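Per chain, numbering begins at 1; letters A, B, ... match sequence-line order. Everything numeric in this text was worked out from a predicted model, so none of it was measured.
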Amino acid sequence: MPTSSDALDALRVENLGKMYRIGERHAKYRTFRETISGLATAPFRAARRLAGGNGPPPSPESIWALRDVSFRVGQGDVVGVIGRNGAGKSTLLKILARITEPTSGSAVIRGRVGSLLEVGTGFHQELTGRENIYLNGAILGMRRREIDSSFDEIVAFAGVEKFVDTPVKHYSSGMYLRLAFSVAAHLDPEILLVDEVLAVGDATFQRKCLEKMEDVGRRGRTVLFVSHNMQAIARLCPRTILLDSGGVAVDGPSHKVVASYLSSDIGTTAERRWSDSRRAPASRAARLVAVRVRSVGGEVTDAPDLRKPIGIEMEFDVLEEGWSFSASYDFYNEEGLLLFGSIETDPEWRNKRRPLGRYATTAWVPANLFSEGTVIVNVELLTVHPLTRHFEERQAVAFHLVDSMDGDSARGDWGGEWSGAVRPLLSWGTRIVPSGEPDSGVARKRESHVS
Amino acid sequence: MEQVEIPTILIRPSRGWIALKLGDIWEYRELLYFLVWRDIKVRYKQTALGATWAILQPFFSMIVFSLVFGKLAKMPSDGIPYPIFSYAALVPWTYFAGALSQSANGLVDSANLIKKVYFPRLTIPIANSLVGLVDFAIAFVVLLGLMFWYGVTPTWRIIWLPAFLLLALVTALAVGLWLSVLNVEYRDVKYTIPFLTQFWMYATPIVYPSSLLKEPWRTVYGLNPMVGVVEGFRWALLNTKTAPGPMIAVSAAASVVLLVGGAFYFRRMEKTFADVV
């Protein structure tokens, strides 16, 4: 826990809470008609809402996105914030960035605050790279002379020297994101709030971003860094706060917090081993030894490339002869939605009795099937005839998929939000249909963007 | 490293009416500048006719009004040729109507910024109401050309013109503040704006002179701030006899009341923008 005195606290958060009315974040705005029908039933509530409201109405349809959160951050500390989706991370950052107001509690911040909640906020497609640097810089709170003095550095960091006077609508999504991050990375406030910006760009650019963040920390800036990327958290932040359903669950040294998150929750964990065989999931016939996520190259990874096949390997011991086995995996996304399940179909072992020994079964998920985000795998070992479940391990492994935005994933050139549980790469074709001859012509691939 | 005074920010729930914090807007004047600059730039980059639009709209309205109201309806025009009589009113009116609808839609159009970055939210409607000044300037040059064509020589009264323009700006901003806040909560507002501006135009002496009204009703008419603006423009440029004194004072007062009320209402509702917009 931090021990710095009050005077050195860059950030002091006390009992911070934020309540949303259910539906407010999703249903968004109302229409007159709804309000008028509401007026008939609840005139006072509606009238008060119209006048701005005085605090939250006590309503059963409200949820606390954040409740009683207290912590302190010393000046110059770099602190990570982790937690599953909906734990309140983004709400916390939005309150500290003064984008939204808390419902209760308070926060005191000493110093100028810069927030990077999304790169490229305020970029305008019609404007050139140069114009967007100035516009975006001003939006992020930079002074004009600050932008002037770091202009060349921003352009060089993004690697867009040749296109600085081209409208950004002609940029590839990779260039666009690099430029956007570059402007934000040159913001130099006393306190920097960062939300998951490292999930963009290719591996090289991500490394550059991490280095830039380390640099910010080294210069004595206070950083609050929200991420799903446990490696980045562990590398950048000595201390981490784990949020769970709106409250602080754990606050301490990053390696401990990350470990507790990974073991208890749905953090990413590329490999699980049960070294103590007495504690391993098992039946009298079989016992789980390990589960791993592998890339095509064979290495264990918690951040595989979604454009390549991903292998899920389960290692187990057969303890009793006479059984046939089938491994079965279920893949969930971080919202707990079952994406799909799969059962072993390897003909070599199908319905065959296995001799004693250790087996490693791998299922390869095709390339370009997942969307970015966290995928959690439940594994089990079954015998189909007679139906027996030998063991089951929920949330055995989890991995985090990142789209490098190079334009060759199923995203194409689209760099924005993407919904849908899976994102397979379909085979697209467009042909010119000559008039009067509707069925002639050859499928033509669309020319890709400049990059 | 130069050590400057470190600002301390206190974040906590606000209650009731809150201070306007105009100092914050001054702090963010560069952002204000860039927002105006962006809108002007994008506007002239995206439209094929660019600056011509600034002239076409009031100019064609002037032609139609001259035919319908001037020639057919024989509307009085204080002894001024009808085309220039209506155009001198249409130039500030076109600016006002544009600034009003821009600032009323501004918060919704900037939803992405509001949800991602902090800055004084008042910056948005202020920027929106400034952008149209470029179009105004272009249309105004045409007005000067028309005055020359009709042989109208401006007098010393022209020095008052900036004051009337400011009155138009303040009125557009004031109404824009109210509407932009309501627009965040009720998207219906967006659809009422074209109707509102059209209705308001006929409630303002653009196609007719305010001299049709007898005192004291003419002064009461000044409660519509645009009455003061339009008659002020005619008085300053065309030397009309409708001496605007008390009427303009009423218009200015009405406009300031609207603006102050709008600014406080805006500040009060500001905290919910990011959650609702």
Side-chain angles (χ1 to χ4, degrees), chain A residues 10 13 16-18 20-21 24-25 28-35 49-55 94-113 115 117-118 121-122 124-127 131-132 134-144 167 190 219-220, chain B residues 1 4 6-18 27-35 37-39 41-46 108 110-120 123 181-189 191-192 264-265 267-277:
Chain A
V13 174
L16 208 60
K18 173 79 185 178
Y20 285 101
R21 289 197 303 271
E24 189 170 71
R25 282 186 300 180
K28 298 185 185 210
Y29 50 85
R30 288 189 293 274
T31 61
F32 274 131
R33 197 167 53 81
E34 282 160 358
T35 300
R49 194 188 302 143
L50 206 74
N54 249 336
K94 279 187 170 183
I95 292 173
L96 295 179
R98 290 192 284 168
I99 291 164
T100 185
E101 244 189 26
T103 315
S104 61
S106 67
V108 177
I109 305 176
R110 276 168 48 84
R112 194 155 75 111
V113 182
S115 57
L117 269 54
E118 188 180 89
T121 306
H124 200 289
Q125 295 291 324
E126 295 290 333
L127 300 178
E131 292 164 342
N132 270 306
Y134 279 94
L135 177 65
N136 190 231
I139 287 170
L140 294 175
M142 290 164 95
R143 302 253 175 235
R144 196 172 179 174
E190 281 92 19
R219 275 181 311 174
Chain B
M1 199 180 68
V4 286
I6 296 175
T8 301
I9 303 161
L10 172 65
I11 297 170
R12 63 168 178 209
S14 61
R15 307 244 185 269
W17 301 104
I18 37 183
E27 271 294 293
Y28 276 82
R29 61 192 180 276
E30 282 186 358
L31 176 63
L32 182 62
Y33 164 79
F34 276 114
L35 289 178
W37 168 86
R38 172 197 68 182
D39 286 349
K41 234 176 171 146
V42 169
R43 185 175 142 74
Y44 289 104
K45 270 187 188 184
Q46 273 178 330
V108 172
S110 305
N112 197 31
L113 280 188
I114 289 173
K115 283 190 282 191
K116 301 292 179 189
V117 204
Y118 167 81
F119 53 88
T123 316
V181 176
L182 289 171
N183 200 9
V184 168
E185 193 94 344
Y186 311 99
R187 296 301 155 94
D188 312 60
V189 171
Y191 304 102
T192 64
F264 277 102
Y265 180 56
R267 284 285 293 158
R268 181 179 179 141
M269 298 304 284
E270 193 178 291
K271 61 180 174 187
T272 62
F273 291 168
D275 300 332
V276 183
V277 74

Please rank B/T8, B/L10, B/I9 by heavy-atom pairs under 4.5 Å with chain A and give me the top one.
B/I9
So which residue, B/F273, B/Y28, B/Y33, ends up with the most heavy-atom pairs under 4.5 Å with chain A?
B/Y33
Contact summary for [X] and [Y], nearest pair of heavy atoms:
X      : Y      : value
B/S14  : A/E101 : OG-OE2, 2.7 Å
B/K116 : A/S115 : O-OG, 4.2 Å
A/P102 : B/P13  : O-CB, 3.4 Å
A/K94  : B/K115 : CE-O, 3.4 Å
A/L135 : B/W37  : CB-CZ3, 4.4 Å

Segment of B/L32 engaging chain A (4.5 angstrom heavy-atom cut-off)
neither
Under a 4.5 Å heavy-atom cut-off, does chain B meet the side chain of A/Q125, its backbone, both or neither?
neither
Which bit of A/A97 is near chain B, if near means a heavy-atom gap under 4.5 Å: side chain, backbone, both or neither?
backbone
Please check if the number of heavy atoms outside B/R12 that lie under 6.0 Å from its CZ is greater than 12.
no
Looking at A/V108, A/N132, A/L16, which has the largest count of heavy-atom pairs under 4.5 Å with chain B?
A/V108
Chain B shares the most heavy-atom pairs under 4.5 Å, among A/G141, A/G122, A/A107, with A/A107
Partner residues of A/R143 under the side chain to side chain donor-acceptor pair (under 3.5 Å) criterion, sequence neighbours left out
B/E27
For A/K18, what residues pass the side chain to side chain donor-acceptor pair (under 3.5 Å) criterion, not counting sequence neighbours?
A/T100, B/D275
From [atom1] ([X]) to [atom2] ([Y]), nearest 0.5 Å:
X      : Y      : atom1 : atom2 : answer
A/E131 : B/F34  : CD    : CZ    : 10.5 Å
B/I11  : A/I95  : CD1   : CD1   : 8.0 Å
B/R38  : A/H124 : CZ    : NE2   : 6.0 Å

Quick check: do A/I139 and B/L31 have side-chain heavy atoms less than 4.5 Å from each other?
yes
